[in-house]
Amino acid sequence: MVHWPEVMVTYESTDKVLFSADAFGKFGANDVKQDWADEARRYYIGIVGKFGAQSQKLLQAAAGLDIQIICPLHGPVLKENLGYYLDLYNKWTTYTPETKGVLIAYTTIYGHTKKAVEILAEDLKQRGVGNVKVTDLARSDLAEAVADAFRYDRLVLATTTYNAGIFPAMRDFIFHLTDRNFQNRKIGIIENGTWAPTAEKVIRGFFEKSKNLTYLENSVHIRSAVNDGTKEQIARMADELAE
């Protein structure tokens, strides 16, 4: 079982074909030229991501087979460089970071949290961090943002305190991560709040049951707008992320 109980995986030994059901599938159309990994990652994380243990059982069972062709239910038939696809699936199904880099996911109300994020992104680039992606959760494709969080080994969450909680777009994003067993990552938090900031506490609470998450020692606390003290905190966070 990879995804649904009625979906079976079958190996045909004559032509050495693995009919892989929901495994190795992808979004998109076959007549559109696009990167296989981007759409396959989004497909796996978005639909099958919670079932990493079951997917690993499939890979272990298939490891002893001579597979020349992979035929998934969704997406193109795979005939070449099968080791590439198998390696990616092994990472995805074990929740192992695929790429060294930082995803900075943020929400902002008046633009001050966005300003802090922009400073952090620039600080990281100046420190030689090659892969830095910035995502405005209120204006981005949620499924793509979730897939990126599983792709990179470091994640920074930047959000405002909102109704004693966090901004809804950030809350939804974190729900989608925890619902897919998000784990094995390093997390930094940028919190914005003036009179009763709660964002960092709330975020940590949402991840309470998640496995193998390491929080940065340096968080950033904004009191409405970025000032010189905030910039110093951001610099310390950048140093830690770049280690």
Side-chain angles (χ1 to χ4, degrees), residues 1-103 130-131 133 142-155 175-187 207 209-214:
M1 171 188 164
V2 179
H3 191 203
W4 296 117
E6 70 271 18
V7 178
M8 302 300 293
V9 175
T10 303
Y11 178 68
E12 197 285 305
S13 58
T14 302
D15 292 314
K16 302 176 181 179
V17 180
L18 183 73
F19 294 93
S20 60
D22 283 321
F24 301 98
K26 66 183 283 290
F27 289 121
N30 289 337
D31 61 349
V32 176
K33 199 169 185 179
Q34 57 192 181
D35 182 74
W36 183 91
D38 283 346
E39 291 300 313
R41 183 189 307 107
R42 188 165 70 93
Y43 176 86
Y44 174 78
I45 297 300
I47 294 179
V48 195
K50 187 177 183 69
F51 306 107
Q54 291 87 342
S55 302
Q56 262 294 302
K57 288 182 180 178
L58 164 63
L59 292 179
Q60 291 167 10
L65 302 174
D66 181 6
I67 300 171
Q68 298 300 314
I69 301 172
I70 298 176
C71 292
L73 283 177
H74 309 276
V77 172
L78 307 176
K79 296 181 179 180
E80 299 177 354
N81 197 21
L82 297 187
Y84 168 74
Y85 306 110
L86 289 165
D87 177 65
L88 282 177
Y89 250 77
N90 191 55
K91 288 186 171 73
W92 297 342
T93 57
T94 56
Y95 306 98
T96 301
E98 179 188 341
T99 303
K100 288 186 177 298
V102 181
L103 171 66
N131 293 308
K133 183 166 185 179
L142 179 60
E144 184 177 335
V146 170
D148 283 335
F150 279 85
R151 177 179 183 178
Y152 295 109
D153 64 337
R154 284 154 286 175
L155 171 66
F175 169 78
H176 281 276
L177 296 184
T178 57
D179 194 50
R180 288 158 178 78
N181 294 332
F182 188 73
Q183 56 190 277
N184 303 326
R185 300 300 192 278
K186 182 178 287 187
I187 295 180
F207 286 109
K209 296 182 180 179
S210 299
K211 300 177 181 177
N212 300 325
L213 296 181
T214 302

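With sequence neighbours excluded, the residues satisfying side chain to side chain contact (heavy atoms under 4.5 Å, CB included) with Phe27 are Glu39, Arg42, Tyr43, Ile47. Applying the side-chain hydrogen bond (donor to acceptor under 3.5 Å, both in side chains) test to Thr96 and every residue at least two apart in sequence or in another chain returns Thr94. Considering only residues two or more places apart in sequence or on other chains, Asp66 meets the salt bridge (charged side-chain N to carboxylate O under 4.0 Å, His left out) condition with Lys16. Every residue meeting the side-chain hydrogen bond (donor to acceptor under 3.5 Å, both in side chains) condition with Thr14, not counting sequence neighbours, appears here in chain and number order: Glu12. The side-chain hydrogen bond (donor to acceptor under 3.5 Å, both in side chains) check on Thr178 picks up nothing, with sequence neighbours excluded. Not counting sequence neighbours, the partners of Ala40 by the side chain to side chain contact (heavy atoms under 4.5 Å, CB included) test are Lys26, Trp36, Trp92. Taking Asn131 as the reference, nothing meets the side-chain hydrogen bond (donor to acceptor under 3.5 Å, both in side chains) condition, with sequence neighbours excluded.
Listed here is the closest heavy atom pair of Ile67 and Ile69: CG2-O, 3.5 Å. Between Val48 and Ser55, the closest heavy-atom pair is CG1-OG, 3.8 Å. The two residues Leu177 and Ala149 have their closest heavy-atom pair at CD2-CB, 3.6 Å. The shortest non-hydrogen separation linking Leu103 to Ala145 is CD2-O, 3.8 Å. Closest approach of Ser20 to Pro72, counting heavy atoms only: OG-CA, 3.3 Å.
Identified under the salt bridge (Lys or Arg N to Asp or Glu O under 4.0 Å) test for residues 44-56, with sequence neighbours left out: none. Screening residues 176-186 for salt bridge (Lys or Arg N to Asp or Glu O under 4.0 Å), with sequence neighbours left out, gives no hits. The side chain to side chain donor-acceptor pair (under 3.5 Å) analysis of residues 142-154, with sequence neighbours excluded, yields the pairs Thr99-Arg151, Lys133-Glu144, Lys133-Asp148.
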Throw together a table of side-chain donor-acceptor distances under 3.5 angstrom for residues 80-90, partners on residues two or more places apart or in other chains.
from, atom 1, to, atom 2, distance (Å)
Asp87, OD1, Lys91, NZ, 3.3
Asp87, OD2, Lys91, NZ, 2.8
Tyr89, OH, Phe24, N, 2.7
Asn90, OD1, Gln56, NE2, 2.9

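The backbone N or O of Ala37 sits less than 3.5 Å from a side-chain atom of Asp35, completing a donor-acceptor pair.
Once rounded to the nearest 0.5 Å, the distance linking OG1 of Thr93 with OH of Tyr44 reads 5.5 Å. Taking OG of Ser210 as the reference point, atom CG of Asn184 lies at 10.5 Å (rounded to 0.5 Å). Put simply, OH on Tyr11 and CG on Leu18 are 8.5 Å apart, with the number rounded to the nearest 0.5 Å. Rounded to the nearest 0.5 angstrom, Phe19 CZ and Leu73 CG are separated by 10.5 Å.
Using bins of under 30°, 30° to 60° and over 60° for the plane-to-plane angle, the ring pair Phe182/Phe207 lands in the tilted bin.
Annotation: side chain of His176 is in contact with side chain of Leu142 (closest heavy-atom distance under 4.5 Å).
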